[in-house]
Number of protein chains: 2
Amino acid sequence: MTEPRTRILGTACDMILADGIEGFSLRRLARCIGVTAPALYKHFDSKEDVLRAVVAEGYRTFGAYLYRALEGPTPRERFALAGQAYVAFAMEQPRYYEVIHLSPALLGFMELPEEAVGPACATRQFLEDRVRECMEAGVLKPDDSTAVATMVWAASHGIVSLYLGGLLPVPRDEFPAYFRSTIMRLFTGIGGPEFTVADPSSLPAAVTSQRQTVT
Amino acid sequence: MTEPRTRILGTACDMILADGIEGFSLRRLARCIGVTAPALYKHFDSKEDVLRAVVAEGYRTFGAYLYRALEGPTPRERFALAGQAYVAFAMEQPRYYEVIHLSPALLGFMELPEEAVGPACATRQFLEDRVRECMEAGVLKPDDSTAVATMVWAASHGIVSLYLGGLLPVPRDEFPAYFRSTIMRLFTGIGGPEFTVADPSSLPAAVTSQRQTVT
DNA sequence: GTCTATAATCCGATAGAC
DNA sequence: GTCTATCGGATTATAGAC
């Protein structure tokens with residue numbers, strides 16, 4: 001039989017994934033499992049403790065999606081698979097996507113939980129690895145790989161976030177293609193002739209800061 | 001003296017802007033104003049009614065920021081000012097930014113409130129106007145202006161959203177420059193030589209292959 | 001328009017029996 | 001590890017006096 005703690009956490013994830021964070025309470029969680037609320041305190045110290053574990057589980061799931069992209073045989077393939085994995089995670093686990101990107105205050109935390117700092121760094125590192133190897137393979141222009149990876153991340157998150165928030169009038173079944181064609185414009189660039197240069201580092205505003213640590 | 005409804009709404013905005021949405025309640029709101037909770041029901045039907053009004057006010061403020069960009073003398077200037085206005089709004093009114101982009105469920109709504117649909121369309125239209133006139137002026141490549149505007153919006157939102165969520169290790173005073181240099185990569189494009197074309201519509205949809213579903 | 005009083009419900013967390 | 005019972009608090013919302 002599964003450990004009680006595992007079952008509690010799994011049920012909590014299910015509830016939040018189904019109904020969001022707002023109606024979540026330990027009493028409800030206990031009722032869903034079939035026990036009473038005080039029993040939960042044998043496995044978790046508080047409601048916040050449960051939520052932190054849920055956030056950690058969300059990041060773990062997200063990481064699992066991304067990681068499959070490494071099965072691709074070429075840098076280009078791995079990059080494309082990473083994009084598909086990002087979209088797949090957002091569409092198949094929208095609540096997790098929401099929980100992960102939620103402002104800490106909305107979960108009742110005072111600051112970014114440590115469960116989020118590591119995975120956030122890992123996500124950036126993963127994307128940066130994809131970007132760097134694509135640069136070496138000539139699929140991407142030579143550039144600051146950290147800055148480019150951040151841009152790819154931000155653009156992906158922006159598109160998905162607007163979509164999940166209902167602000168993009170795109171049907172669900174068309175969204176993966178929509179995402180892909182939108183990201184394509186990041187590859188080709190949207191600027192006119194004056195912005196078409198092979199070496200972005202010669203641009204006046206192309207200065208990026210290089211800090212690595214999240215405070 | 002100001003109308004009661006105006007003062008209630010203003011105080012509600014102040015509270016949410018100061019402390020976020022999570023601790024907001026009608027009792028607290030009433031106490032802040034100096035009345036009792038039932039008095040509020042003479043001016044608003046419910047808590048949701050108050051929150052809808054706050055969301056509407058947030059969109060109104062956002063629109064005011066964006067609108068100032070129209071003072072620029074050229075398409076290129078107006079586009080740049082729009083970007084600066086977007087960043088200024090996000091940094092000066094982060095709670096409004098949060099409220100505006102919050103999932104409806106987190107505000108206690110079941111669906112996207114009508115107060116959000118109109119302004120969301122307006123934002124996209126505003127950006128599309130900037131994009132289109134920049135295309136006509138040759139600052140932007142000829143392309144689908146709706147798609148490009150969406151990309152600009154998504155990229156802007158993505159960068160700001162990651163920053164406000166604490167996921168980007170960028171000091172506050174460096175963020176506007178960081179934003180600008182990141183958006184610059186959207187202009188130049190990040191793709192290698194094969195993606196450097198004048199007419200994006202001639203591109204094969206080649207970066208991604210077929211999508212597979214994760215369970 | 002504002003008040004008091006109150007209904008009805010929910011919450012997190014703890015004490016102590018078993 | 002789970003229970004019952006309970007503390008102490010919160011919330012939205014309504015009824016009716018003034």
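Treat the numbers as computed from the prediction; the structure is a model and nothing was measured. By convention in this document, chain letters (A, B, ...) are assigned in the order of the sequence lines, proteins followed by strands, and residues within each chain are numbered from 1.
At whole-Å resolution of the value, CG in B:Leu40 and C1' in D:dT12 are 11 Å apart. Between B:Tyr41 atom OH and D:dT12 atom P the separation is 6 Å, expressed in whole Å. For A:Leu29 and C:dC10, the CG to C1' distance is 16 Å, given to the nearest whole Å. Atom pair B:Arg27:CZ and C:dC10:P shows a separation of 16 Å (rounding to whole Å applied). Atom CZ of B:Arg31 and atom P of D:dG9 are 13 Å apart (whole Å). A:Leu26 has its CG atom 15 Å from the P atom of D:dT2, to the nearest Å. Distance NZ (A:Lys47) to C1' (C:dT14): 18 Å, rounded to an integer number of Å. Here the P atom of nucleotide C:dG1 and the CD1 atom of B:Ile33 are 14 Å apart, to the nearest Å.
In this structure, the separation between CH2 on A:Trp153 and OG1 on B:Thr182 is 12.5 Å, given to the nearest 0.5 Å.
Heavy-atom distances to DNA chain C give each of B:Ile8 and B:Pro38 a nearest nucleotide, and the one nearer the 5′ end belongs to B:Ile8. Residues A:Pro4 and B:Arg28 both approach DNA chain D. Their nearest nucleotides, taken by heavy-atom distance, put A:Pro4 toward the 5′ side. Both B:Val35 and A:Ala37 sit near DNA chain C, but only B:Val35 has its closest nucleotide nearer the 5' end.
In the model, B:Ser161 has a side-chain atom that pairs as donor or acceptor with a side-chain atom of A:His157 under 3.5 Å.
Contact check on A:Arg132 versus A:Glu136 returns no salt bridge, with no Lys/Arg side-chain nitrogen under 4.0 Å from an Asp/Glu carboxylate oxygen.
Between B:Thr36 and C:dC3, a side-chain N or O to OP1/OP2 separation shorter than 4.0 Å is present.
Each of A:Val131, A:Val139, A:Leu127, A:Asp129 was evaluated against A:Phe79; a single residue qualifies, A:Val131, per the side-chain contact (heavy atoms from CB on, under 4.5 Å) test.
Nucleic acid contact class of A:Lys42 (heavy atoms, under 4.0 Å, all strands): base.
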